[in-house]
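Each remark here refers to the structure printed beneath this line.
Proteins come first, then strands; the chains are lettered A, B, ... in the order of their sequence lines, and each starts at number 1.
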Amino acid sequence: DIQMTQSPSSLSASVGDRVTITCRASQSISRYLNWYQQKPGKAPKLLIYVASSLQSGVPSRFSGSGSGTDFTLTISSLQPEDFATYYCQQSYTTPRTFGQGTKVEIK
Amino acid sequence: QVQLVQSGAEVKKPGASVKVSCKASGYTFTTYYMHWVRQAPGQGLEWMGIINPSDGSTSYAQKLQGRVTMTRDTSTTTVYMELSSLRSDETAVYYCGRESTTSLRGFDYWGQGTLVTVSS
């Protein structure tokens, strides 16, 4: 199975900050990397697919980059509604493994 | 509009089985894979398996092989996930999520989740 490792596991940031979350795959997954946002009690929401494509309706302050084994999710200016947990996921093969999550908290 | 509507919460005893449904609407049922993902309280997302509604083919997480069964009913556009021999540590919210069969662009729609509580 392909292992997905996110860092950091949690971070504290202020409104307006630039936030970067990284995700590393245990082997090359080309660009088959997706990012999700999850708020408490809710289903995950797709933000970014195939590494850098913005899902319809997602604000442009979210962006993704990377290929091969190393990927990044960036929030250019953190907004109050962005405090949540973020997960990366590979769709290169089954099992469709997820990272362990990064919790973004208010500083 | 696309909707995935899951069945309601369940309480089961250890060793029992549970069957959760996910009714799809608003799109062509056979052009999207359906995945099942679970999340234990306070934990991350765990992929359980995939079903292709077009032909019923499946692939399951290794750790669940032999205990999980995913099926579909094309007449009602519903997929089912049955998990047997439940353990208390399998108390979790179970989600269905769809993924296009033609472009692997992530799970763009999810069900609302079904809480399965396993307790004696």
Cluster overlap [X] with [Y], hydrophobic side-chain contacts below 4.5 Å:
| X | Y | value |
| --- | --- | --- |
| B/I50 | B/F29 | no |
| B/I51 | B/F107 | no |
| B/L83 | B/V116 | yes |
| A/V104 | A/V15 | yes |
| A/L46 | A/V58 | yes |

Note: B/G111 and A/A43 closest approach over all heavy atoms is O-CB, 3.5 Å
Okay, A/P40 and chain B: the region with an atom under 4.5 Å from a heavy atom over there is neither
Side chain from CB out, backbone as N, CA, C, O: work out which of these in B/V37 comes under 4.5 Å of a heavy atom of chain A, or both, or neither.
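Interface part for B/V37: side chain.
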Applying a strict 4.5 Å limit to non-hydrogen atoms, the region of B/L104 in contact with chain A is both
Report every donor-acceptor pair between chain B and chain A with a separation under 3.5 Å, backbone and side chains included.
from, atom 1, to, atom 2, distance (Å)
B/Q39, OE1, A/Q38, NE2, 2.8
B/Q39, NE2, A/Q38, OE1, 2.9
B/Q39, NE2, A/Y87, OH, 3.4
B/Y95, OH, A/K42, O, 3.2
B/E99, OE1, A/R96, NE, 3.3
B/E99, OE1, A/R96, NH2, 2.8
B/E99, OE2, A/R96, NE, 3.2
B/L104, O, A/S91, OG, 3.4
B/R105, NH2, A/Y49, OH, 2.8
B/F107, N, A/Y36, OH, 2.7

Comparing A/G41, A/G99, A/G101, A/P44 against chain B, the one with the most heavy-atom pairs below 4.5 Å turns out to be A/P44
Applying ring-ring contact (aromatic ring centres under 6.0 Å, His included) to A/F83 and not counting sequence neighbours gives none
